[in-house]
Amino acid sequence: MALLPIVNLPDPILRRKAKPVTKFDKELQTLIDNMIETMRDAPGVGLAAPQINISQQLAVIEYAEGEDEEEEDENAPEKPKKLYVIINPEITKVSEEKVMGIEGCLSIPGLHGEVERHEAIQVKALNRHGNPVKLKASGWMARIFQHEIDHLNGVLFTDRATRVWKPSADEEDVEMD
Ligand code: NI
């Protein structure tokens with residue numbers, strides 16, 4: 001496995017609509033494994049192929065559902081992280097309810113933004129073997145899915161943010177993807 005360099009703005013690949021994946025070969029499996037390793041190393045909760053200079057409809061996501069819940073009990077066991085590989089994804093359903101949250105992006109270091117997202121979504125995609133999957137996500141997981149699918153369409157969180165700012169040193173870290 002290998003770590004892949006993450007590209008930053010203003011690289012134009014981040015603005016391009018990525019092409020659908022058509023070949024589910026060994027090369028793709030290696031690419032996916034390398035993307036997972038790169039995401040974990042960053043560290044990030046998601047990584048889309050354009051962020052590693054590959055204009056294909058492919059993203060990896062790893063996050064523990066409920067990680068953001070405020071009522072979390074400190075003594076509760078850590079929630080297991082869930083890993084998703086989504087290929088040629090399409091959002092098929094969105095909740096009317098939208099929520100604000102603070103986002104960052106591995107490709108836009110040093111900026112935070114307040115972004116409104118659908119609270120829940122449904123996604124149709126292919127898994128790493130090319131089999132169709134349907135996924136439901138809510139809360140932060142839904143936010144991450146929307147952020148990654150945006151990347152595959154050349155859209156960045158700064159396009160959707162109601163405000164962006166350079167975080168101060170004492171500002172809380174945000175999840176990066
Ligand atoms: Ni991002």
Side-chain angles (χ1 to χ4, degrees), residues 2-21 28 31-65 67-68 81-91 94 98-126 128 135 137-168 171-177:
L3 294 177
L4 308 165
I6 294 175
V7 301
N8 292 341
L9 266 187
D11 196 307
I13 197 159
L14 295 169
R15 289 306 193 177
R16 219 173 287 157
K17 185 172 167 64
K19 294 220 167 68
V21 172
L28 180 74
L31 171 62
I32 291 168
D33 289 337
N34 288 340
M35 282 178 65
I36 292 168
E37 196 185 358
T38 302
M39 168 180 66
R40 288 175 176 165
D41 178 74
V45 292
L47 185 70
Q51 292 181 278
I52 44 115
N53 208 29
I54 293 179
S55 198
Q56 291 200 39
Q57 297 267 332
L58 160 65
V60 295
I61 290 166
E62 189 170 53
Y63 189 69
E65 233 154 343
E67 223 172 58
D68 55 310
K81 286 186 177 172
K82 271 193 182 174
L83 175 67
Y84 295 94
V85 176
I86 53 168
I87 296 173
N88 306 345
E90 223 179 282
I91 295 177
V94 298
K98 289 182 171 182
V99 282
M100 277 292 193
I102 297 172
E103 295 188 17
C105 181
L106 294 169
S107 296
I108 315 175
L111 268 193
H112 287 178
E114 193 175 50
V115 187
E116 193 178 47
R117 300 280 191 189
H118 296 286
E119 199 279 328
I121 58 164
Q122 286 184 32
V123 176
K124 193 174 89 172
L126 301 176
R128 63 186 297 162
L135 303 162
S138 61
W140 269 96
M141 191 65 109
R143 179 173 294 276
I144 299 165
F145 271 93
Q146 288 168 87
H147 181 115
E148 296 315 320
I149 292 170
D150 270 353
H151 270 302
L152 303 180
N153 290 305
V155 176
L156 301 169
F157 82 88
T158 43
D159 302 333
R160 298 195 186 275
T162 46
R163 63 190 182 98
V164 294
W165 64 92
K166 289 197 169 99
S168 55
E171 195 173 318
E172 216 182 307
D173 285 342
V174 298
E175 304 285 7
M176 304 291 272
D177 48 358

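Ligands are counted one by one from 1 in listed order, and the atoms in each one are counted from 1 as well.
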**Report entry** All salt bridge (Lys or Arg N to Asp or Glu O under 4.0 Å) counterparts of Glu37, not counting sequence neighbours
**Finding:** none

Query raised in the report: Taking side chain as C-beta onward, heavy atoms only, is Leu31 less than 4.5 Å from Ile52?
Result: yes

Report task. State, yes or no, whether a side-chain contact exists between Val45 and Trp140 at a heavy-atom distance under 4.5 Å. Result -> no

**Report entry** NZ/NE/NH1/NH2 to OD/OE distance under 4.0 Å, Arg143 and Glu175
**Finding:** no

Query raised in the report: Is a donor on one side and an acceptor on the other found under 3.5 Å between the side chain of Ser107 and the backbone of Gln51?
Result: no

Query raised in the report: Side-chain contact, heavy-atom cut-off 4.5 Å: Leu126 with Val85?
Result: no

Report summary line: Atoms listed for the Ni ion (ligand 1) (protein only, N, O or S, under 2.8 Å, no waters) are Cys105 SG, His147 NE2, His151 NE2, Asp177 O

